[in-house]
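Keep in mind that what you see is a predicted model, and the values were worked out from it rather than measured.
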Amino acid sequence: MALGEKLFEESGNVLGFKVTKVHPVEGTTMEVSFSSELKGFGKFPSGRNIGSGTMTQYPHGFVDASYQGTLMTPEGEQFMWWAHEKSKLADGGKIRGLVMVSGFTNSQKLSWMNGLVMAGESEFDPAAQQFRVTAYEWM
């Protein structure tokens, strides 16, 4: 896997969740909503992000999740995105893993992002309901 330039650092909070399924083998499935702040690097914009999705934590400690949301820049430009996460329970009770993201925009200013695939290193602290992601261009 070849990673390009660093695109952004994100920090956010879980706003709410709803447990939708509990199974001894298939794990616990939850609907999750969140908000975050992105600090962009280079030409990647900073902004406020909101999103939601479905997360399943399996009994052996792995997490599989799918999310969707939108990033709004301070100038009012919007980037809509989809993400898929694969993570695992790490030391200290945190969940660490990889998030793959792509999306689209109708903004001329951000149109270069329409062909962008991002790979993010994620860390989620369930006790604090906070997460961080550092994302890079995937080449």
**Student:** Of all heavy-atom pairs between Pro74 and Gly47, which one has the smallest distance, and what is that distance?
**Tutor:** CD-CA, 4.2 Å
**Student:** Measuring from Met139:CE to Leu116:CG, what's the distance to the nearest 0.5 Å?
**Tutor:** 10.5 Å
**Student:** Is Asn13 close to Gln129 at the side-chain level, that is, under 4.5 Å between some pair of heavy atoms?
**Tutor:** no
**Student:** Give me the atom names and distance for the closest heavy-atom approach of Thr105 to Gln78.
**Tutor:** OG1-O, 2.6 Å
**Student:** In the single-linkage hydrophobic clustering (I, L, V, M, F, W, Y; side-chain heavy atoms under 4.5 Å), do Val63 and Phe17 co-cluster?
**Tutor:** yes
**Student:** After noting the C-alpha distance and the side-chain angles of Ser35 and Arg48, does the key distance pass the side-chain contact (heavy atoms from CB on, under 4.5 Å) rule?
**Tutor:** CA-CA 7 Å; Ser35 68; Arg48 183 144 178 84; 3.5 Å; yes
**Student:** When Arg96 is tested against each of Glu121, Glu85, Glu123 for salt bridge (charged side-chain N to carboxylate O under 4.0 Å, His left out), which residue passes?
**Tutor:** Glu123
**Student:** Determine the minimum heavy-atom distance between Val133 and Ser122, stating which atoms define it.
**Tutor:** CG2-CB, 3.9 Å
**Student:** Closest heavy-atom contact between Val14 and Phe34?
**Tutor:** CA-CB, 4.2 Å
**Student:** If I take atom NZ from residue Lys39 and atom CG from residue Leu7, how far apart are they, to the nearest 0.5 angstrom?
**Tutor:** 14.0 Å
**Student:** Okay, side chain of His84, backbone of Ala65: is any donor-acceptor separation there less than 3.5 Å?
**Tutor:** yes
**Student:** Taking all heavy atoms of Thr29 and all of Thr56, pick out the closest pair and write down the distance.
**Tutor:** OG1-OG1, 3.0 Å
**Student:** Apply side-chain contact (heavy atoms from CB on, under 4.5 Å) to the pair Lys109 and Thr73, showing each step before the final yes or no.
**Tutor:** CA-CA 11 Å; Lys109 181 179 178 183; Thr73 71; over 6 Å; no
**Student:** Report yes or no: do Phe124 and Leu89 belong to one cluster of Ile/Leu/Val/Met/Phe/Trp/Tyr joined by side chain heavy-atom distances under 4.5 Å?
**Tutor:** yes
**Student:** Using a strict threshold of under 4.0 Å (side-chain N to carboxylate O), is an ion pair present between Glu10 and Arg132?
**Tutor:** no
**Student:** Say whether Trp138 and Leu98 are linked into one hydrophobic cluster, either directly or through other cluster members, by side-chain heavy-atom distances under 4.5 angstrom.
**Tutor:** yes
**Student:** Using 0.5 Å steps for rounding, measure from the CD atom of Gln68 to the CH2 atom of Trp82.
**Tutor:** 9.5 Å
**Student:** Taking atom CZ of Phe8 and atom CE of Met118, what is their separation to the nearest 0.5 Å?
**Tutor:** 6.0 Å
**Student:** Count the heavy atoms belonging to other residues, nucleotides or ligands that lie under 6.0 Å from NZ of Lys88, then report whether that count exceeds 12.
**Tutor:** no
**Student:** Are there more than 12 heavy atoms of other residues, nucleotides or ligands under 6.0 Å from atom CD of Glu75?
**Tutor:** yes
**Student:** Is it possible for you to say whether Trp81 and Trp112 belong to one hydrophobic cluster, with membership spreading through side-chain heavy-atom contacts below 4.5 Å?
**Tutor:** yes
**Student:** Does the pair Thr54 and Ser66 meet the rule for a side chain to side chain donor-acceptor pair (under 3.5 Å), with working shown?
**Tutor:** CA-CA 6 Å; Thr54 303; Ser66 294; over 6 Å; no
**Student:** Report the distance from atom NZ of Lys18 to atom CD of Glu31, rounding to the nearest 0.5 Å.
**Tutor:** 5.0 Å
**Student:** How far apart are the closest heavy atoms of Lys6 and Tyr136, and which atoms are they?
**Tutor:** CA-CD2, 3.4 Å
**Student:** With a 4.5 Å cut-off on side-chain heavy-atom distances among I, L, V, M, F, W and Y, is there a chain of contacts connecting Met30 to Val22?
**Tutor:** yes
**Student:** How long is the gap from CZ on Phe44 to CG on Leu71, to the nearest 0.5 Å?
**Tutor:** 6.0 Å
